[in-house]
Amino acid sequence: MIQVAGRPFSLESTTDFGRVERAILQQMLDSSEWFSYSSMNELRFELNVRINIMESAKEMNASQVTFTIFEHASCNPEYWTLTSTGGFLVRSDVRPSDAILDIYRNGTLYGFECATAIIIIYYQAILKSIGQLRFDSIFQHLYLYSWHTHPGLELHTFHADRFLPGDVVYFNNPDFHPDTPWFRGENAVVLSDGTFFGHGFGIMTAEQMIQSLNSYRFPGSMQPAYLANLITRISPLTIRNLLTLQSDRTTYHYSKAVIHHNLCSISSMDYQYYLLSLNG
């Protein structure tokens, strides 16, 4: 169900959406979820962000960035400072937008795990959606590490059986081999053709992703990998704020805690659990 400005939305009410946008809208209409927007501009903006998330995932797949654990993380020192925990802190003398774009332009200089990859994809998708000027105004002092996000980017994680193109899902591998703990799971972007992009695995069907993870289970394991009913997406409030902030000079000034857990390929739900544990 989709509601716009307090009224039910119908695909028949407009004809200016593209093929992928209409496919996303149809899935939203068929879902048991309630999607509410203050205006058509807000709905269009979310659709645009979702399309840009998928494009950014495909571009990362072609960028030659590598999958690696935090201990072996790497980045371009002209744009980022590599921390002792394997995080990337944007340099104060570069534009945050240029630093994000450099990951795609000079991919061979970068190595990170799959949760960090998702956050990079989100940032580039937002950059595509709002432009460099607004991005640099909002997303200052970027720090890339696992699921940590800038205050201007809040995520919504929940359990559901149906997902939309542009969502992020989690393939869980509970019996991962202790010699390869980074294959405990895979965070993946849902693409519009039914495939998924997971950093380190590439673009695959769900069956192929599960088969790949199954090859990294411990001997004698009886529990195969599976697609969890866990969905992560950019929060509705963030979508609304980003749309408003295209013409608003307000920026974010507070910082968020970072959990340096050193566990590659964890789900966003696990990261939230660590945050809650930190806060007591």
Side-chain angles (χ1 to χ4, degrees), residues 48-155 166 168 182 186-191 196-203 232-234 238 242 252 256 258 260 262 264-266 268 271:
N48 187 48
V49 170
R50 285 183 174 276
I51 289 172
N52 286 333
I53 288 171
M54 291 185 280
E55 288 182 355
S56 295
K58 294 174 184 176
E59 289 170 8
M60 180 171 286
N61 185 55
S63 69
Q64 296 185 292
V65 297
T66 58
F67 177 94
T68 192
I69 59 178
F70 289 111
E71 289 88 341
H72 300 151
S74 60
C75 57
N76 186 349
E78 293 186 10
Y79 291 90
W80 304 91
T81 298
L82 179 64
T83 67
S84 61
T85 54
F88 305 162
L89 178 64
V90 69
R91 287 177 45 155
S92 60
D93 58 342
V94 303
R95 296 172 61 177
S97 58
D98 288 338
I100 290 295
L101 291 172
D102 187 69
I103 299 173
Y104 288 83
R105 292 169 177 165
N106 293 297
T108 56
L109 301 179
Y110 291 86
F112 42 80
E113 50 81 57
C114 72
T116 306
I118 296 299
I119 301 305
I120 293 169
I121 288 169
Y122 281 150
Y123 284 135
Q124 207 220 18
I126 292 170
L127 173 56
K128 287 173 177 281
S129 302
I130 67 175
Q132 287 189 279
L133 182 63
R134 297 306 308 136
F135 186 91
D136 291 335
S137 175
I138 300 168
F139 294 100
Q140 301 174 27
H141 314 297
L142 285 181
Y143 181 59
L144 304 177
Y145 181 89
S146 185
W147 284 100
H148 173 74
T149 62
H150 184 276
L153 172 58
E154 296 293 347
L155 304 180
V168 170
W182 46 89
E186 180 72 0
N187 295 287
V189 175
V190 181
L191 303 180
F196 304 80
F197 166 73
H199 178 50
F201 285 80
I203 295 175
T232 300
R233 60 178 63 142
I234 297 175
T238 295
L242 290 173
Y252 296 86
K256 295 168 68 174
V258 185
H260 292 108
N262 199 35
C264 293
S265 306
I266 67 169
S268 57
Y271 189 77

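All values below come from the heavy atoms of this structure, side chains included, with hydrogens, waters and symmetry mates left out.
In terms of modelled atom types and a separation under 3.5 Å, the side chain of W80 and the main chain of I103 share no donor-acceptor contact. Side-chain N or O atoms of H150 include none that pairs as donor or acceptor with a backbone N or O of H141 at under 3.5 Å. Panel note: side chain N187, backbone C114; no donor-acceptor pair is recorded below 3.5 Å. Using a distance-only test at 3.5 Å, with no hydrogens or angles considered, a donor-acceptor pair links the side chain of T66 to the main chain of Y110. In this structure a side-chain-to-backbone donor-acceptor pair under 3.5 Å is missing from H260 to Y145. In this structure a side-chain-to-backbone donor-acceptor pair under 3.5 Å is present from N52 to N48. Judged purely by atom type and a 3.5 angstrom limit, R91 uses its side chain to pair as donor or acceptor with the backbone of P77. Under the 3.5 Å distance criterion, the side-chain polar atoms of S74 are matched with a main-chain donor or acceptor of G111. T238 contributes a side-chain N or O that, together with a main-chain N or O of E154, makes up a donor-acceptor pair within less than 3.5 Å.
Residues L242 and G152 share a closest heavy-atom pair of CD2-O, 4.5 Å. When all heavy atoms are compared, the tightest approach of L82 to C75 is CB-SG, 3.9 Å. Closest approach of T68 and H72 over heavy atoms only: OG1-CB, 3.2 Å. Here the closest heavy-atom approach between residue Y143 and residue T83 is recorded as OH-OG1, 3.2 Å. For the pair W147 and S268, the tightest heavy-atom approach, listed with the atom from each and the gap, is NE1-N, 3.3 Å. Contact detail for A73 and G86: the closest heavy-atom pair is CB-O, 3.6 Å.
Counting heavy atoms from C-beta on, the side chains of Y104 and I120 come closer than 4.5 Å. Under the 4.5 Å side-chain criterion, counting only non-hydrogen atoms from C-beta, N262 is in contact with E71. Counting only heavy atoms from C-beta outward, the side chains of L153 and I234 approach each other to under 4.5 Å. In this structure the side chain of I130 reaches within 4.5 angstrom of the side chain of I138, judged on heavy atoms. Using a 4.5 Å cut-off on side-chain heavy atoms (C-beta onward), Q132 and L101 make contact.
Separating the OG1 atom in T116 from the CD atom in E113 is a distance of 3.5 Å, to the nearest 0.5 Å. Rounding to the nearest 0.5 Å places CD1 of I53 at 9.0 Å from CD1 of I118. Atom CG in L155 sits 11.0 Å away from atom NE2 in H148 (nearest 0.5 Å). Between atom CD of residue E59 and atom CE of residue M54 there is a gap of 12.5 Å, rounded to the nearest 0.5 Å. Between the OG atom in S265 and the CD1 atom in I69 there is a gap of 10.5 Å [rounded to 0.5 Å]. Note that the CZ atom of F67 and the CH2 atom of W182 stand 8.5 Å from one another [nearest 0.5 Å].
Between F135 and Y123, the ring planes are perpendicular. Angles over 60° get that label, and only those under 30° would be called parallel.
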May I have the step-by-step check of side chain to side chain donor-acceptor pair (under 3.5 Å) for T149 and Y122, ending in yes or no? CA-CA 10 Å; T149 62; Y122 281 150; over 6 Å; no
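Checked against the 6.0 Å centroid criterion, the rings of F196 and F201 do not qualify as a close aromatic pair.
Scanning for side chain to side chain contact (heavy atoms under 4.5 Å, CB included) contacts around A117 gives M60, F112, H199, with sequence neighbours left out.
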